[in-house]
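Below is one structure, written out as structure tokens; the observations come after it.
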Amino acid sequence: MYWEKFLIKYILFICVFIYSGVTLSGPFSDFKAGAELSEELSSSPTAKRNTPNSDSLVQSIDALNPKNSSVWRELQDNLLGNDANVLFVDDIKLIMQDYIEEAHKVPLIVTLPKRLYNFKNFILIIENNPIQQAMSIRPYRLIESLGMNIRLEDDSPVRAAVQGDNGIWYVGSKMAFVASVGGCSTPACDPSVEVCETGTIGKIAIKQYEREAGAERIKLKVTHPMETGFVTDLQGEIIPEYFVKNIHVDDNKGAIADITTFAALSSDPVILLDLPKKGQSVRVHVKDSLGLEFFSYDSNTM
Amino acid sequence: MKIFNIILIFILYFNVYPSFSSNDFNLVPIKVSNNVFVFVGANEDINNKNGGAISNTGFIIGDDSILVIDAGPSYIYASNVIEIIKSFSDLPIKYLVVTHHHADHSFGISRYLEMDVEIIMAPAELKRYLKYGNRSLKQLRDLIGEEWFLDTKINSFQYKEKKYPVSLNLGNRNILIELYEKGHSDGDLIIKDKISSTLFVGDLVFSGRAPTIPHANINNWKNYIDLISKKNWNYLIPGHGNIIKNKDELLPTKNWITFIDKTAKEASISGISALEIFNEGLPDFIKEYKLAKETWYRDLPILINKYEFD
Ligand SMILES: [Zn+2]
């Protein structure tokens, strides 16, 4: 019992520590909006938020505090385990926009501190989504940072839970405000800002980029509708859920990462992996929820 | 010119301090030349104060009939415009030219369909309007409120195939409409009033704010700006912002699209993500533009995404 109390105190201390940091620099500190933020927020009053202003900053600090979250505790138990050892930290950075116009496709990059490059598990959690778990990754190599496109149904804390090789879950958080709700429950493409022709399901594109000192960035894109099951078509019929379930990334030296995905990733999901050591010719194998399999290579010659 | 400035101040005043009788657009037409007028939209993003009235609407009065350029964002907006035009002239509005399908230029169409008005729009843009209009309308309703879009509908309508350039006569007033394919949109229409030498160029030119690129072909667009620059005109009415009289004022549009295009291409080659570019702060170059931040954040990822996996 004593130990538990100690742990709770420790977590509280860490929280207070983080949030005092937050108050100084804002939860937006990793995204250099800084003082300009309130101006940005107030420049576009919408039906949803009439006069967004610097109160939003305070709101977001409150919202990020897991103690104020009505859902976090249960999420933690379900996704990280009942007796998970959880620490909220600020050196896992979630880089994303503070104020999001296109809630169907929200780019996010998570950078890890060096001590977590050898993480064992990574889970991306969007608290206020109907689908709260966006993805998880089990890596087979060191990974420095990861990126993905997510859907946001509403304003929400977004949390990256990263399990170190010591078994502890380290959680980095970021508050995201959306301009209009419904990233999961309205059709994926916003025709007012993009071209909405749908591509061939299962088409895989892989890009490898040199980074400094032999490091590499892998970006892959799978063409897939990633239907959430919350969208109705023009006739009012529910479009059944249909999404990519698994993305396996490897090269000729073996597995790089095994990624479990859910429909909280946006349509045509893009995954970014920064590896400190360059991979060889990277390949991808995708399975979706209808059991279809797609390969970036000729699977017969395996 | 004094009057012009006073009117401008009035417009600015009303936009900054909107009256709370909502859905009132406080439209004040600015005289460009004899019988040529423009309502200058708010130089802002669409919000619940401006009701989406952010682009320019023009009208030209001939001896027999009237031509309107762009329908504006909604039924109510179009109704207000029509009312004001009626206070200027009893002549019928015979044509509505929609420069392209973007909501702020086209969603007032439903109001004109209640009248005997011929609607002129590039076929590719009409297609987009019909295909994506309802979803876009729903998003706008969600964004700034239902009340701005009462009676606004996306309807298909009788459409006469045109061969561009199209010549029209409003009665001792010749109008030439040219089609610029795949520029700012898939089909931008440019309207020239010959007598006053006024050119309405839609969103091929933005004045005083950052241009938007989501459906653009930037290479073509740059060429089109050069073409427009070489034409003879006394007054050029951009899709957004104030009346242009000087060719130099076309440069900001061209410079922006060149810059964002170059940034996106470089990013797609090096694998840098838009977020990482944002994280560096706004480039000094674009800071001079109004709505720079909003436009930069919205458009750069779209463009990088377009180039990245091509
Ligand atoms: Zn436009």
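All chains are named by letter (A, B, ...) in the order of the sequence lines, taking the proteins before the strands, and each is independently numbered beginning at 1. None of the values given here were measured: they were computed from a predicted structure.
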| query | With a 4.5 angstrom heavy-atom cut-off, which part of B/Ser270 approaches chain A: side chain, backbone, both or neither? | reply | backbone
| query | Is chain A contacted by the side chain of B/Leu140, its backbone, both, or neither, given a heavy-atom distance below 4.5 Å? | reply | neither
| task | Taking the side chain as every heavy atom from C-beta outward, state whether A/Val270 and B/Glu308 have any pair of such atoms under 4.5 Å apart. | result | no
| More than 12 foreign heavy atoms under 6.0 Å from NZ of B/Lys182: is that the case here? | no
| Which distance, rounded to the nearest 0.5 Å, do you find between the CZ of B/Arg298 and the CD of A/Gln97? | 10.5 Å
| task | Side chain from CB out, backbone as N, CA, C, O: work out which of these in A/Ile218 comes under 4.5 Å of a heavy atom of chain B, or both, or neither. | result | neither
| remark: Applying side-chain contact (heavy atoms from CB on, under 4.5 Å) to A/Lys207 and not counting sequence neighbours gives A/Tyr209, A/Lys219, B/Phe309
| query | Which answer fits B/Ser185, side chain, backbone, both or neither, if we ask what part of it has an atom under 4.5 Å from a heavy atom of chain A? | reply | neither
| task | Identify the residue among A/Ile109, A/Leu272, A/Val106 that makes a side-chain contact (heavy atoms from CB on, under 4.5 Å) with B/Leu275. | result | A/Ile109
| Listed partners of B/Asp284 passing side chain to side chain donor-acceptor pair (under 3.5 Å), at least two apart | B/Lys287
| field | Greater than 12 external heavy atoms within 6.0 Å of A/Lys203's NZ | value | no
